[in-house]
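One structure is given here, and the rest of the page talks about it.
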Amino acid sequence: MEEIKCFVKWTQRIGSSERNLGEASVFSAAELTPGVAITDDREAVAVGRAHGLKVHGTI
């Protein structure tokens with residue numbers, strides 16, 4: 001249940017379009033493990049950092 005709640009939280013933070021579901025799943029996994037999220041979405045990187053997540057963009 002904790003995983004689902006975390007995923008829902010990140011979908012709300014990033015935006016709940018189908019395009020952002022991948023980022024939300026990566027961000028929730030990074031938060032729960034803890035780990036570092038890597039994404040090619042610049043806006044998602046900014047959102048993750050704003051919420052204290054360790055996140056890196058790609059080139």
Side-chain angles (χ1 to χ4, degrees):
M1 198 63 170
E2 180 182 357
E3 292 86 358
I4 294 170
K5 288 179 183 179
C6 191
F7 176 74
V8 169
K9 174 178 66 177
W10 281 108
T11 58
Q12 293 170 345
R13 288 176 176 175
I14 296 172
S16 58
S17 72
E18 287 184 27
R19 179 178 157 267
N20 296 324
L21 294 179
E23 280 81 8
S25 64
V26 169
F27 284 15
S28 59
E31 181 179 318
L32 292 169
T33 47
V36 178
I38 300 174
T39 180
D40 62 351
D41 187 324
R42 289 183 186 172
E43 292 177 20
V45 170
V47 171
R49 288 181 180 160
H51 290 281
L53 186 69
K54 291 182 182 178
V55 59
H56 293 282
T58 60
I59 296 177

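FYI, the numbering just counts along the sequence from 1.
For Val47, the side-chain contact (heavy atoms from CB on, under 4.5 Å) partners at least two apart in sequence or on another chain are Trp10, Arg13, Ile14, His51. For Thr39, the side chain to side chain donor-acceptor pair (under 3.5 Å) partners two or more places apart in sequence, or in a different chain, are Glu23. For Thr33, there are no side-chain contact (heavy atoms from CB on, under 4.5 Å) partners, not counting sequence neighbours.
With rounding to the nearest 0.5 angstrom, the CD atom of Glu31 is 11.0 Å from the CD atom of Glu3. Put simply, CD1 on Ile38 and CZ on Phe27 are 10.5 Å apart, with the number rounded to the nearest 0.5 Å.
Within the 4.5 Å cutoff, no side-chain heavy atoms of Asn20 are placed close to those of Thr11.
In Glu43, the CD atom is not crowded: 12 or fewer heavy atoms of neighbouring residues, nucleotides or ligands sit closer than 6.0 Å.
A donor-acceptor contact shorter than 3.5 Å links the side chain of Arg49 to the backbone of Val55.
Annotation for Ala37 and Val26: closest pair CB-CG1, 3.8 Å, computed over non-hydrogen atoms.
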